[in-house]
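Notes to accompany the following structure.
Just follow the structure's listing: the first ligand is 1, and inside any ligand the first atom is 1.
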Amino acid sequence: MADRQELTSRAGRSRGGSGEGEASGLSDRMGRALGDLRISVTDRCNFRCVYCMPREVFGSDFKFLGRDEVLTFEEIERLARVFVGLGVRKLRITGGEPLLRKDLEELVAMLASLEGVEDLALTTNASLLPTKAEALARAGLHRVTVSLDALDPERFRSMADTRVPVSTVLKGIDEALKAGLTPVRVNAVVKRGTNEDQIVPLARRFRGTGVTVRFIEYMDVGTSNGWRLDEVVPAREILDRLEAEWALEPLDPRVPGEVATRYGYSDGAGEIGVIASVTRPFCEGCTRARITARGEFFTCLFGSRGHDFRAQLRGGASDGELTETVRRIWAGRRDRYSELRTEANRGRRGEEESTPAPPRVEMFQIGG
Ligand code: SAM
Ligand code: SF4
Ligand code: SF4
């Protein structure tokens with residue numbers, strides 16, 4: 001039986017992430033190393049997930065970035081090299097939907113050949129994985145994380161708002177497994193009143209397959225999704241639903257600063273994870289840097305403006321200058337948005353809990 005205290009005692013308790021950033025001596029104001037880099041390669045997407053790109057806001061007249069506005073593969077590789085030189089060992093390609101970016105395998109090959117990269121992952125909605133998994137693996141991608149919030153076709157449509165059928169996503173997962181893009185993880189955002197009845201079916205579908213499902217609390221990223229605290233299904237409730245079906249045991253974090261709290265099925269059929277970003281923030285262990293498709297450098301998902309690397313790159317900056325910029329920004333980092341939100345909301349309930357809406361970066365721009 002999973003101990004309720006586990007969720008509150010383990011998440012975000014350790015500092016330093018992969019610990020790799022510490023090797024370079026680069027840490028922020030709270031002693032957090034620079035551990036990993038998430039790179040968004042496009043702001044476009046073929047889904048309109050209600051919690052990320054609601055169609056009412058991002059309809060057919062929405063203006064996405066033009067071809068010259070997004071970083072080129074060469075610019076991305078240069079930046080990645082700078083971050084790897086500062087101790088980053090984990091790279092994740094994300095979006096928007098990264099597989100919509102033409103010839104993504106070329107970027108994968110460029111990043112895979114950077115010396116020092118130990119983990120090269122991709123987050124995707126999997127709609128294009130059935131045809132692309134093998135080429136991505138050949139190019140040197142290590143693994144994929146697939147976002148899938150429901151198995152029931154109706155529920156899936158109500159979350160992802162797409163014509164792509166859920167069967168295509170499932171096929172994408174199978175192809176990723178066949179291509180060796182493992183371990184494959186499935187991320188499921190849970191939104192109250194929309195898909196909490198899919199928690200158990202999702203867990204059941206992947207139990208015993210080697211695919212780990214991680215349930216994510218719906219977050220107040222950006223300003224477009226109309227987030228309300230009462231639409232968050234707390235990780236504790238997610239666990240309650242799972243434990244009504246199966247016996248679970250807490251597992252130790254694999255790496256310090258891991259965002260998911262892990263539980264193993266007592267019968268050995270694998271594991272699940274919960275990411276309690278709202279009810280149990282993990283800012284204390286947050287070692288992630290992020291670059292948007294237009295080249296802005298963010299040190300928190302909840303930032304509103306990032307440093308403009310694109311201008312610096314296109315203005316002729318040297319590698320040394322780029323390195324100094326990362327050092328300076330990371331050294332001054334104080335971000336702990338989710339912890340502050342929790343402190344602010346503690347003890348309050350209802351509509352007034354909705355976070356006030358400064359113009360923050362959207363999830364499809366920063367990549368999650
Ligand atoms: N399109 C790709 C995908 O969906 O996997 C990559 C980009 S997407 C922005 C990255 C992740 O952010 C997805 O797993 C998605 O579920 C998650 N995400 C987006 N909006 C979210 C929100 N409001 N709360 C929690 N997770 C969110
Ligand atoms: Fe697209 Fe991913 Fe956002 Fe869904 S979560 S709208 S798939 S970018
Ligand atoms: Fe990291 Fe910001 Fe999320 Fe805290 S709120 S865990 S600092 S991205």
Looking at Leu91, Val117, Ile291, which hits side-chain contact (heavy atoms from CB on, under 4.5 Å) with Phe83? Ile291
At a 4.0 Å threshold, what atoms of ligand 1 neighbour a non-hydrogen atom of [X]?
X: Tyr218; result: 23 (N), 24 (N)
X: Thr94; result: 6 (C), 7 (C)
X: Asn225; result: 23 (N)
X: Gly95; result: 7 (C), 9 (C)
X: Glu97; result: 1 (N), 2 (C)
X: Asn125; result: 2 (C), 3 (C), 5 (O)

Distance under 4.0 Å to a non-hydrogen atom of Asn125: what atoms of ligand 2 satisfy this? 7 (S)
Considering heavy atoms of the protein only, find what lies nearest to [atom] and give residue, atom and distance to 0.1 Å.
atom: atom 15 (C) of ligand 1; value: Tyr51 CE1, 4.0 Å
atom: atom 8 (S) of ligand 3; value: Leu301 N, 3.3 Å
atom: atom 13 (C) of ligand 1; value: Ser147 OG, 3.2 Å
atom: atom 1 (Fe) of ligand 3; value: Cys286 SG, 2.4 Å
atom: atom 24 (N) of ligand 1; value: Met219 N, 2.9 Å
atom: atom 6 (S) of ligand 2; value: Cys49 N, 3.4 Å
atom: atom 2 (Fe) of ligand 2; value: Cys45 SG, 4.5 Å
atom: atom 6 (C) of ligand 1; value: Gly96 O, 3.3 Å
atom: atom 10 (C) of ligand 1; value: Gly367 O, 3.5 Å
atom: atom 12 (O) of ligand 1; value: Met363 CE, 3.6 Å
atom: atom 7 (S) of ligand 3; value: Asp335 O, 3.5 Å
atom: atom 26 (N) of ligand 1; value: Val189 CG2, 3.4 Å
atom: atom 4 (Fe) of ligand 3; value: Cys283 SG, 2.4 Å

Do Arg78 and Phe73 form a cation-pi contact, if we require the NZ or CZ to be under 6.0 Å from the six-membered ring centre and within 45 degrees of the ring's axis? no
Pick whichever of Gly303, Gly285, Ser338 has a heavy atom sitting closest to atom 3 (Fe) of ligand 3. Ser338
Should [X] and [Y] count as an ion pair when the cut-off is N to O under 4.0 Å?
X: Asp267; Y: Arg207; result: yes
X: Asp308; Y: Arg294; result: no
X: Arg254; Y: Glu258; result: yes

Hey, is Gly222 one of the residues with a heavy atom under 4.0 angstrom from ligand 1? no
Tell me whether Thr123 reaches ligand 1 (any heavy atom closer than 4.0 angstrom to a ligand atom). yes
Between [X] and [Y], does any side-chain donor sit less than 3.5 Å from a side-chain acceptor?
X: Asn195; Y: Arg155; answer: no
X: Glu249; Y: Ser266; answer: yes
X: Tyr337; Y: Asp220; answer: yes
X: Asn46; Y: Asn125; answer: yes
X: Glu217; Y: Thr279; answer: yes
X: His142; Y: Glu118; answer: no
X: Arg214; Y: Thr145; answer: no

Is the distance from atom 2 (Fe) of ligand 3 to some N, O or S atom of Cys300 under 2.8 Å? yes
Below 4.0 angstrom from a heavy atom of Tyr337, which ligand 3 atoms are there? Numbered from 1 as shown, please. 5 (S)
Test of understanding: given a 4.0 Å heavy-atom threshold, classify the contact between Arg341 and ligand 3 as side chain, backbone, both, or neither. neither
What about the rings of Phe58 and Phe64, do their centers lie closer together than 6.0 Å? no
Look at ligand 3 and say whether Arg290 reaches it with a heavy atom at a distance under 4.0 Å. yes
Is a side-chain N or O of Ser27 found less than 3.5 angstrom from the main chain of Ala33, in a donor-acceptor match? no
Check each heavy atom of Thr124 against ligand 1 and say whether those closer than 4.0 Å belong to the side chain, the backbone, both or neither. backbone
Over 60° means perpendicular and under 30° means parallel, so classify the ring planes of Phe309 and Phe297, tilted if in between. parallel
